[in-house]
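Computation of the quantities below employed the complete heavy-atom set of this structure, encompassing side-chain atoms and omitting hydrogens, waters and symmetry-equivalent molecules. Because the structure is a prediction, the values reported are computed rather than measured.
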Amino acid sequence: GAVVSQHPSWVICKSGTSVKIECRSLDFQATTMFWYRQFPKQSLMLMATSNEGSKATYEQGVEKDKFLINHASLTLSTLTVTSAHPEDSSFYICSAPSGGHGYTFGSGTRLTVV
Amino acid sequence: GNSVTQMEGPVTLSEEAFLTINCTYTATGYPSLFWYVQYPGEGLQLLLKATKADDKGSNKGFEATYRKETTSFHLEKGSVQVSDSAVYFCALRGADSSYKLIFGSGTRLLVRP
């Protein structure tokens, strides 16, 4: 079945640095990728939608200059958290529609900013 | 806009008890409805789905029926097991072409032996 590989699975970074999270669709073409963040014991909040070859669409309240999304190919979408701060610490998950009303989720990236 | 409301947890049950987790939605048109499960330390997995009114999704003993008249998609299982302990998310994909999946707040289920 469809697989989305997300890396890294966890990362610890210092305040002020940037972190890049990658999601690759391994056996299908993902023209669209959704990026979510999940706080502990809370639901997934949709941050943005990336479409291959065009600018990402951000949800209300999400800073596009802090969360840079690039979807340069049909198999790769990246999320870069720029100038990270402790409040950006969260679990980030990508998801791509994979046909038949289905979605394939990445395994998530736990970001800790110290 | 579209939204999903599900009952707050945690829900604590004894093994073999009957489970209901309520989910209601707000959306225009005919959305598709989903239940996802997140086991401890793991990613989201699709549990079941329904794409039109009166459809019943089922998987692993879980069932949910798409009720347009009550805008609901309640999750049920006749006899829960300890291994069902997880967080359950109700989700909706709107009738538009955006494919956005909107999640409810999640309900933690704890099943005791």
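Annotation: side chain to side chain donor-acceptor pair (under 3.5 Å) contacts of A:Thr104 (sequence neighbours excluded): A:Ser98.
In terms of heavy-atom proximity, A:Ser43 sits nearest to B:Ser105 at CB-CA, 3.4 Å.
The CD atom of A:Gln38 sits 9.0 Å away from atom CZ of B:Phe103, with the distance rounded to the nearest 0.5 Å. The distance from atom CZ of A:Phe105 to atom CD of B:Gln45, rounded to the nearest 0.5 Å, is 11.0 Å. With rounding to the nearest 0.5 angstrom, the OH atom of A:Tyr103 is 10.0 Å from the NZ atom of B:Lys49.
The main-chain N or O of A:Phe34 is never found under 3.5 Å from a side-chain atom of B:Tyr99 such that the two would form a donor-acceptor pair.
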Residues A:Tyr36, B:Leu101; criterion side-chain contact (heavy atoms from CB on, under 4.5 Å); working and verdict: CA-CA 10 Å; A:Tyr36 294 86; B:Leu101 200 58; 3.3 Å; yes
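Looking at A:Leu44, the atoms closer than 4.5 Å to chain B (heavy atoms on both sides) sit in the backbone and in the side chain alike. No part of A:Gln6 comes within reach of chain B, as not one of its non-hydrogen atoms sits under 4.5 angstrom from that chain.
For B:Glu16, the CD atom sits in a loose shell: 12 or fewer heavy atoms of surrounding residues, nucleotides or ligands are nearer than 6.0 Å.
Cluster membership check: A:Leu111 does not share its hydrophobic cluster with A:Phe39, using side-chain heavy-atom separations under 4.5 Å among Ile, Leu, Val, Met, Phe, Trp and Tyr. Taking hydrophobic clusters as Ile, Leu, Val, Met, Phe, Trp and Tyr residues chained together by side-chain heavy-atom distances below 4.5 Å, B:Trp35 shares a cluster with B:Tyr25.
By a heavy-atom distance cut of under 4.5 Å, A:Thr49, A:Glu59 are the residues of residues 47-72 of chain A near chain B, going up by number.
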